[in-house]
Amino acid sequence: TRMSRRWPRFFEAFGAAAAAGLLLVVGIALFGRLLPTGDDEFVVAFDGSGDYTTVSEAVEAVDDGAVIWLGPGTYEETVEVTTDVEIRGDGEPGEVVFLVTDAGPAFRLRDADATIRDITFISQAPADPSADRRPVLDIRGGTPTIENLVVRADAPVWYRFIKLNETGEGTVIRGNESSGSIVANQGAIALIENNVLLSIDDPDWPDVPERKAVGIELERADVDLLIRGNEVNSISVMAGHAQIVGNSIHGTTLPLSMREVPDGWVLGGECGVNAIGIAEARPVLEDNQVYDHATALCGPLDLRGGEIYDNGIGLLVGPQGPLDPRFAPSLTESVIRNNGIGVQAEAFSEAVLTDVALCGNGVDIDAPITANIVQTGNAECAVVDRMAPENGLLTVAADGTSRISSIADAVTVARDGDVVHLEPGTYTETIEVTRDIEIRGQPGVIFRIPSEGPAFELTDADAVISGI
């Protein structure tokens, strides 16, 4: 933890230069990093060794531009932020923890260009079981930056990680990991990038049939989001504008056996990307991976590139009214493969497929005579003779539940920018990496170093390896 800036008076005898030099030596020797000595940095510590003992006290006292460091411990307060400050946890993940209770969100930001980062949050059940959980962050106005937060719940339930309202251009939500959703409404503008928003998958808890998928929800027409590079269960666009680029959108509960039966599908649960009811504000999806859903895509989407695979239904079309082109989904240069039904169209619905590859589905297109499915220049399935599209995601499971069971196989076919995602399991391989890819583990991923070589050999690769 960071030491208080209240140093003994004998430093004064050395003069400012000597004191600064000694502080530098002590800081590096004891803590391996610099101590906060600037007038705009402050420390919150429960034991009184810092400048403040509560976060609220610090936020109320400091000016715009200040950095507030939170020492390790468990905080239980609702912090009102109306100034442009930076609030950072100082410790390893799980050392600086906020409890979110009935009393309110952990942070309530109002018209603040504030930054919050490097903190762990735990959402706790309300006293009234029928009541909604409080959001972790309640944000209205300003252009905040929310980065590197870890958010968990004490039970496998749906809750709001961030409630976003009236934020301006420049708002960034990046690199967070949460089992709760981001809900945007009432004039929210934001970049939502490189987050992991997935429902709880803990073997100590049985499956909860009514579990809601976790992800990103747009609820108002004046919302405008760029959603890029996230891993989520679902994206729901009930209104507003969204550009959805390079995400991995996958379910958690679809049994593998369901994919093997091409008929008898029952539409149920939630869509991976849901835009039912939207005409004027069509979401644009580019180069996303959507898989492991009962139904992957619903509604009038503008789909460009990407892969839709291993779902019950790849695309559900209609009913959207009597052949109204505003409601017709449009797919261009996309791949729909290995689904029970590739495209399921209902009566008096319409869709336009241009250069779309339909491969390995139980049924490619299931449409009544009253539906209008327009196909032009459809691609041959040979164009998808690799395991993932460019800048895609390859999932590896050592137990064979994924189409790839070897990391080496995935790395062989990966291209620059691809992500190799490892499911929990034990791996024993030597992986040669020569491309600029990311190999991403998670809790439960174990690597046994092979006796004949290292786990990874990186040669001239700007690669990222994490979570193993």
Side-chain angles (χ1 to χ4, degrees), residues 1-6 31 33 35-36 40-110 112-127 131-140 142 144-155 157 159-164 173-182 195 197 200:
T1 60
R2 292 185 175 256
M3 187 175 289
S4 169
R5 295 180 298 106
R6 297 188 179 94
F31 305 102
R33 56 188 171 190
L35 301 170
D40 58 349
E41 295 194 33
F42 304 88
V43 176
V44 176
F46 292 128
D47 62 4
S49 61
D51 300 284
Y52 303 97
T53 56
T54 70
V55 186
S56 296
E57 181 186 10
V59 169
E60 290 173 4
V62 304
D63 296 324
D64 287 345
V67 179
I68 300 172
W69 293 92
L70 310 187
T74 300
Y75 298 80
E76 189 173 343
E77 52 180 307
T78 293
V79 182
E80 306 281 347
V81 182
T82 58
T83 51
D84 304 340
V85 297
E86 180 175 352
I87 302 171
R88 303 186 61 164
D90 182 34
E92 297 298 321
E95 290 185 349
V96 180
V97 178
F98 258 83
L99 300 182
V100 185
T101 66
D102 280 353
F107 288 89
R108 186 179 286 116
L109 277 64
R110 294 294 182 263
D113 299 341
T115 296
I116 299 177
R117 59 179 300 151
D118 303 328
I119 302 172
T120 297
F121 297 86
I122 299 177
S123 173
Q124 296 191 310
D132 289 338
R133 290 181 178 231
R134 297 282 191 169
V136 175
L137 305 178
D138 185 350
I139 301 173
R140 183 180 295 276
T145 298
I146 309 299
E147 290 186 315
N148 300 334
L149 306 182
V150 176
V151 187
R152 291 289 179 263
D154 60 357
V157 297
Y159 62 97
R160 288 168 294 179
F161 164 31
I162 297 177
K163 181 181 177 183
L164 204 62
I173 301 172
R174 177 188 292 126
N176 304 288
E177 183 179 335
S178 174
S179 59
S181 291
I182 297 173
N195 301 280
L197 308 173
I200 294 172

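In this chain, residues are counted from 1 in sequence order.
- Side-chain N or O atoms of Thr78 include one that pairs as donor or acceptor with a backbone N or O of Pro105 at under 3.5 Å.
- At least one side-chain heavy atom of Ile139 sits less than 4.5 Å from a side-chain heavy atom of Ile162.
- The side-chain heavy atoms of Val136 and Phe98, taken from C-beta on, include no pair separated by under 4.5 Å.
- If you look at Phe121 and Phe161, their ring centroids are not closer than 6.0 Å.
- Considering OG1 of Thr74 and CD1 of Ile122, their distance stands at 7.0 Å, rounded to 0.5 Å.
- In this structure, CD1 on Ile116 lies 5.5 Å from CG on Leu137, to the nearest 0.5 angstrom.
- At a threshold of 4.5 Å between non-hydrogen side-chain atoms, the residues Leu149 and Thr120 do not count as touching.
- There is no side-chain donor-acceptor pair under 3.5 Å between Thr101 and Gln124.
- Atoms OG1 and CD, on Thr82 and Glu80 in that order, are 8.5 Å from each other to the nearest 0.5 Å.
- Side-chain atoms of Asp47 come within 3.5 Å of backbone N or O of Ser49 as a donor-acceptor pair.
- In summary, Asp102 and Arg133 do not engage in a salt bridge, as defined by a charged side-chain N under 4.0 Å from a carboxylate O.
- In this structure, the side chains of Phe42 and Tyr52 come closer than 4.5 Å at one or more pairs of heavy atoms.
- The line from CD of Glu76 to CG of Leu99 is 5.0 Å long, rounded to the nearest 0.5 Å.
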task = Verify salt bridge (Lys or Arg N to Asp or Glu O under 4.0 Å) between Arg110 and Asp138, making sure each step is shown before the conclusion.
result = CA-CA 9 Å; Arg110 294 294 182 263; Asp138 185 350; 3.4 Å; yes

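- Counting only distance, with no hydrogens or angles, the side chain of Asp84 and the backbone of Ala114 share no donor-acceptor pair below 3.5 Å.
- Proximity of Ile119 to Tyr75: side-chain heavy atoms (C-beta onward) are nowhere separated by under 4.5 Å.
- Not a single donor-acceptor pair under 3.5 Å links the side chain of Asp118 to the backbone N or O of Asp90.
- The shortest distance between side-chain heavy atoms of Ile87 and Thr115 does not fall below 4.5 Å.
- For Asn176 and Ser178, the side-chain atoms include no donor-acceptor pair closer than 3.5 Å.
- Counting only N and O atoms by type, the side chains of Ser181 and Tyr159 include no donor and acceptor under 3.5 Å apart.
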request  = Could you go through the side chain to side chain contact (heavy atoms under 4.5 Å, CB included) check for Thr83 and Asp63 one step at a time?
outcome  = CA-CA 7 Å; Thr83 51; Asp63 296 324; over 6 Å; no

